[in-house]
Amino acid sequence: MTSYIKTAMIFAAGLGTRLRPITDSMPKALVKVGGVPMLERILLKIKDAGVKDVVVNVHHFASQIEDFLSANAGLGMKIDISREPGQALETGGGIRHASPLLKGCGRFLVHNVDMLSDLDLEWFFSQDDPSSLATLLLTESDDADRYLLFDEEMLLRGWTNVRTGEVRSPFPDFDPLSCRKYSFCGVHILSERVLRLMEKWPEKFSIIDFYLSACAMEEIRGIVAKSLKIIDIGTPEKLAEADTLVRGGAF
């Protein structure tokens with residue numbers, strides 16, 4: 001089934017500690033890749049996919065992000081700012097805090113500001129099941145420590161850290177070996193229903209913790225993007241790699 005997504009939230013509140021010393025004087029969202037700020041790249045990408053309304057959460061050097069968006073007229077999009085002044089509220093808490101700005105949007109895209117990829121967002125939207133609580137973009141990876149675990153129907157069932165052996169699942173007698181393990185890309189489509197379900201959660205929490213709780217009652221689906229080129233720009237080394245790939249035309 002096709003889902004027509006017109007609203008998105010971009011996570012731009014992180015401290016970017018792994019990118020220091022660059023982020024000692026600017027937010028990660030405005031760090032340039034191939035001469036273009038990460039935030040601008042994501043905004044243009046989702047705009048090209050038909051998204052019209054965007055919520056951007058801010059915390060670290062928040063005024064710089066707001067000034068950038070104001071100076072560029074939101075790149076032609078309607079942009080609302082979700083301010084997290086006291087502390088960054090993590091991924092789940094960020095969505096919960098932005099609830100007043102997201103109510104009434106139906107289903108919405110969530111995208112990490114530091115995930116650069118060649119993902120065809122319109123294809124991803126077409127894979128979304130509107131009846132599910134969320135659809136998560138996944139990749140197959142052999143070099144990660146942490147994985148989400150899905151059954152044969154690609155429904156979320158648990159999480160594991162293969163390095164430590166830790167396993168988490170809301171299901172009794174859960175067998176991680178019966179599931180397929182995938183890496184989560186930080187790109188997902190959520191139903192507006194999550195806003196109600198998050199009301200009982202604390203101010204600050206991880207969206208993965210929320211998903212691992214909610215999957216016992218709601219369908220949380222995974223979509224695997226084959227041959228996806230994606231890079232998490234979390235360190236100076238990854239930033240240099242991303243810059244080289246962009247300038248070489250990989251993205």
K238/E241 salt bridge by N-O under 4.0 Å criterion
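Between K238 and E241 there is a salt bridge, with a charged N closer than 4.0 Å to a carboxylate O.
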Is E218 salt-bridged to R193, going by a charged N under 4.0 Å from an acidic O?
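Salt bridge between E218 and R193, a charged N being under 4.0 Å from a carboxylate O: yes.
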State plainly whether one hydrophobic cluster holds both F68 and M9, where clusters connect Ile, Leu, Val, Met, Phe, Trp and Tyr through side-chain heavy atoms under 4.5 angstrom apart.
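F68 does not cluster with M9.
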Who pairs with W123 by ring-ring contact (aromatic ring centres under 6.0 Å, His included), at least two apart in sequence or on another chain?
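For W123, no residue satisfies ring-ring contact (aromatic ring centres under 6.0 Å, His included) once neighbours in sequence are set aside.
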Identify whether the distance between the nearest side-chain nitrogen and carboxylate oxygen of E66 and R83 falls below 4.0 Å.
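Looking at E66 and R83, the cut-off is met.
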Is the shortest side-chain N to carboxylate O distance from R168 to D209 below 4.0 Å?
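Salt bridge present between R168 and D209.
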Do the rings of F184 and Y211 sit parallel, tilted or perpendicular, given the 30° and 60° boundaries?
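Perpendicular.
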Does a salt bridge link E140 with K226, judged by any charged N lying under 4.0 Å from a carboxylate O?
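The answer is yes: the pair qualifies as a salt bridge.
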Quick test of your reading of the model: are K6 and D53 salt-bridged, counting only N-O distances below 4.0 Å?
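Salt bridge: no.
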Following the transitive rule for hydrophobic clusters with a side-chain heavy-atom cut-off under 4.5 Å over Ile, Leu, Val, Met, Phe, Trp and Tyr, establish whether V110 and L119 coincide in one cluster.
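Different hydrophobic clusters.
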Beyond-backbone contact of L195 with I95, side-chain heavy atoms, under 4.5 angstrom
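The answer is yes, as the side chains (C-beta and beyond) meet within the 4.5 Å cut-off.
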Can you list the residues that meet the side-chain contact (heavy atoms from CB on, under 4.5 Å) rule with A242, with sequence neighbours excluded?
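V33, L116, I231, I233.
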Residues that C179 engages under side-chain contact (heavy atoms from CB on, under 4.5 Å), provided they are two or more places apart:
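In terms of side-chain contact (heavy atoms from CB on, under 4.5 Å), with neighbours along the sequence ignored, C179 is linked to L149, R157, F174.
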